[in-house]
Amino acid sequence: MEKKMKFTKMQGLGNDYVYVNCFKEKIEDPSALAVRISDRHFGVGSDGLILINPSKVADCEMEMYNADGSRGEMCGNGIRCVGKYMYDYGLTDKEAISVETLAGIKYLQFFIENGKVAKVKVDMGSPILTPAEIPVVAEGERAVDEPIVVDGTEYRMTCISMGNPHAIVYVDDVKNLPIEKIGPLFEKHERFPNRVNTEFVKVLDRNTVEMRVWERGSGETLACGTGACATAVACILNGLTEEKVTVKLLGGDLEIEWDREKNKVFMTGPAKVVFDGVWEE
Ligand SMILES: N[C@H](CCC[C@H](N)C(=O)O)C(=O)O
């Protein structure tokens with residue numbers, strides 16, 4: 001018998017996911033569904049699948065899958081869209097909510113325009129710097145400005161977890177980077193037991209960087225919220241920027257601040273609905 005499932009396509013700076021309201025829908029195998037629904041020719045087309053679930057400890061839970069079906073612990077662009085969905089689709093009337101994730105409970109503040117969420121500020125929590133917790137194979141207490149050889153070339157990386165693993169690599173030319181070639185080599189490098197999201201970064205000034213990202217399980221995306229947070233933390237740790245950083249991504253800009261006194265990273269950016277649909281298979 002044909003099954004129908006309502007979904008909403010949303011995007012944060014072009015990092016697009018299929019969202020399912022699991023207060024109403026039940027998904028048998030979300031990992032397998034993520035692969036089918038993310039396909040840009042035979043499916044809806046997206047960077048992955050995000051389920052919005054009831055939660056016992058927060059206003060809702062975000063369950064995120066990459067396009068290859070692997071589960072991500074946290075998703076910055078995704079959580080802003082989860083917040084927007086909760087408010088715009090009437091699951092909450094609060095202008096600040098909490099969202100349970102595999103990386104802990106995150107707190108969101110909405111900026112409302114014409115009765116709908118336009119922008120969201122997220123407390124992304126504290127960055128994780130201990131190599132074993134990222135995880136990355138590295139000596140010492142942190143993996144900052146750490147050498148790594150990829151495809152015969154030595155790069156310097158700084159590794160941060162925002163609940164999910166990131167390697168930040170500084171390059172001179174972000175635009176012409178052979179990201180399709182070196183992205184997967186970083187992603188699957190033996191020093192990353194859980195694979196890794198890799199951000200290729202150029203510092204423009206003390207408050208601005210530009211970045212492209214090769215995501216674990218999804219390939220190059222137009223933006224990565226957790227990646228932008230990890231990038232800002234890496235730049236501050238390396239003394240390259242101030243604590244407030246505009247991260248310029250292919251899909252647009254994210255405003256990141258690492259409040260070092262509170263040891264919290266804040267991310268502010270847009271969230272948009274593209275369309276509502278019905279998935280039939
Ligand atoms: N695009 C997401 C990150 C997804 C990370 C995922 N690729 C992983 O496996 O960690 C973001 O905006 O933070």
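Order of listing sets the numbers, starting from 1, for every ligand and every atom in it. Everything numeric in this text was worked out from a predicted model, so none of it was measured. Residue numbers count from 1 along this sequence. Excluded from the calculations below are hydrogen atoms, water molecules and symmetry mates; all remaining heavy atoms, backbone and side chain alike, are included.
Proximity of Asn66 to ligand 1, defined as any heavy-atom pair under 4.0 Å, is confined to the side chain (atoms from C-beta onward). Both the backbone and the side chain of Asn77 come within contact range of ligand 1, each with a heavy atom under 4.0 Å. When non-hydrogen atoms are compared, ligand 1 lies under 4.0 Å from neither the backbone nor the side chain of Met162.
By the 6.0 Å and 45° rule, Arg71 stacks over the aromatic ring of Tyr65. A cation-pi contact links Lys119 to Phe111, judged by a cut-off of 6.0 Å to the six-membered ring centre and 45° from its axis.
At least one heavy atom of Cys75 lies less than 4.0 angstrom from ligand 1. Using a 4.0 Å heavy-atom cutoff, Ser218 is absent from the residues neighbouring ligand 1. Put simply, part of Tyr17 is less than 4.0 Å from ligand 1, judged by heavy atoms.
In terms of the side-chain contact (heavy atoms from CB on, under 4.5 Å) criterion, residue partners of Glu133 (sequence neighbours excluded) are, by chain and number, Ile128, Thr130.
When side chains are defined from C-beta on, Leu33 counts as touching Trp279, because their heavy atoms get closer than 4.5 Å. Within the 4.5 Å cutoff, side-chain heavy atoms of Leu51 are placed close to those of Leu49. Side-chain contact check for Asn66 versus Glu215: some heavy-atom pair is nearer than 4.5 Å.
Note: no N/O pair closer than 3.5 Å links Met74 and ligand 1 by distance alone. Looking at Glu73 next to ligand 1, no N or O pair under 3.5 Å apart turns up. Between Gly225 and ligand 1, at least one N/O pair is under 3.5 Å apart. Checked by distance only, ligand 1 and Asn197 come closer than 3.5 Å through their nitrogen or oxygen atoms.
Near Gly76, with a cut-off below 4.0 Å to any heavy atom, the atoms of ligand 1 are 11 (C), 12 (O), 13 (O). Counting the atoms of ligand 1 from 1 in the order shown, those under 4.0 Å from a heavy atom of Arg216 are 6 (C), 7 (N), 8 (C), 9 (O), 10 (O). Proximity to Met64 (heavy-atom distance under 4.0 Å) selects the following atoms of ligand 1: 4 (C), 6 (C). Using a 4.0 Å cut-off to heavy atoms of Asn15, the atoms of ligand 1 that qualify are 1 (N), 2 (C), 11 (C), 12 (O). Shown in contact with Asn164 at under 4.0 Å from a heavy atom are these atoms of ligand 1, numbered in order with element: 5 (C), 10 (O).
One side chain, Glu61 or Asn53, offers a donor N or O that lies under 3.5 Å from an acceptor on the other.
Under 4.0 Å is where a charged nitrogen must lie from a carboxylate oxygen, and between Arg36 and Glu281 at least one such pair does. Between Arg195 and Glu187 there is a salt bridge, since at least one side-chain N of the basic residue sits less than 4.0 Å from a carboxylate O of the acidic one.
In terms of protein heavy-atom proximity, atom 4 (C) of ligand 1 is closest to Glu215 OE1, 3.1 Å.
Listed here is the closest heavy atom pair of Ala223 and Gly12: CB-O, 4.1 Å.
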